[in-house]
Amino acid sequence: LLDPLLTKGASDVVFDTLSYSAGPLPEQQLTSPLFPATTPVWVVYGTKDPWTPAPRVERLSSLPNVEKVISLDGVGHCPHDESPELVNPLLVQFLERVLA
């Protein structure tokens with residue numbers, strides 16, 4: 001089961017499959033007329049995520065309301081579960097910024 005998932009391009013296929021069935025992509029949500037363009041967004045992802053390609057996440061930085069795209073080295077698909085010691089301080093910083 002693991003070998004096919006490690007094949008070049010497999011993460012794109014898995015991501016597309018999961019994203020389609022799970023609803024709109026982040027790019028679609030962040031550019032929707034229903035999402036205010038003035039709402040600040042920070043994106044945090046793990047560099048070892050096997051399903052979400054880093055270039056796809058990094059492209060979110062081109063959207064006007066995305067203030068930061070933060071990569072966490074060595075962290076996988078669920079940074080909040082795998083490395084709360086890295087994610088929680090970022091959440092606090094973001095909340096302090098938007099609630100100030």
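Along the sequence shown, residues carry numbers from 1. Just the heavy atoms: all of them, side chains too, but no hydrogens, waters or symmetry mates, feed the values below.
- The hydrophobic clustering, which links ILVMFWY residues whose side-chain heavy atoms are closer than 4.5 Å, places Val66 and Leu95 apart.
- Counting all heavy atoms, side chain and backbone alike, Leu90 lies closest to Trp42 at O-CZ3, 3.5 Å.
- No donor-acceptor distance shorter than 3.5 angstrom exists from the side chain of Thr52 to the backbone of Asp49, with no hydrogens or angles considered.
- Closest approach of Pro40 and Val98 over heavy atoms only: CG-CG1, 3.4 Å.
- The side-chain contact (heavy atoms from CB on, under 4.5 Å) with Val44 is formed by just one residue from the set Leu91, Leu72, Val57; it is Leu72.
- Ile70 is connected to Val87 through a chain of hydrophobic side-chain contacts under 4.5 Å among Ile, Leu, Val, Met, Phe, Trp and Tyr, so both are in one cluster.
- In terms of heavy atoms, Leu60 sits closest to Val69 at C-CG2, 4.4 Å.
- Across Pro89 and Pro84, no two heavy atoms sit closer than the pair CD-O, 3.8 Å.
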Determine whether Glu27 and Arg59 satisfy the following criterion, salt bridge (charged side-chain N to carboxylate O under 4.0 Å, His left out), listing intermediate values before the conclusion. CA-CA 9 Å; Glu27 298 91 330; Arg59 278 195 302 269; 5.2 Å; no
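- Note that NZ of Lys68 is 9.5 Å distant from CZ of Arg97, once rounded to the nearest 0.5 Å.
- Taken together through direct or relayed side-chain contacts under 4.5 Å among Ile, Leu, Val, Met, Phe, Trp and Tyr, Leu25 and Leu30 form parts of separate hydrophobic clusters.
- Look at Lys48 and Glu82 and you find no salt bridge, because none of the NZ, NE, NH1 or NH2 atoms lies under 4.0 Å from a carboxylate O.
- Using a 4.5 Å cut-off on side-chain heavy atoms (C-beta onward), Asn65 and Thr38 make no contact.
- At a threshold of 4.5 Å between non-hydrogen side-chain atoms, the residues Tyr45 and His77 do not count as touching.
- Counting all heavy atoms, side chain and backbone alike, Val75 lies closest to Ser83 at CG2-OG, 3.5 Å.
- Closest non-hydrogen pair, Asp73 versus Thr47, comes out as CA-OG1, 3.3 Å.
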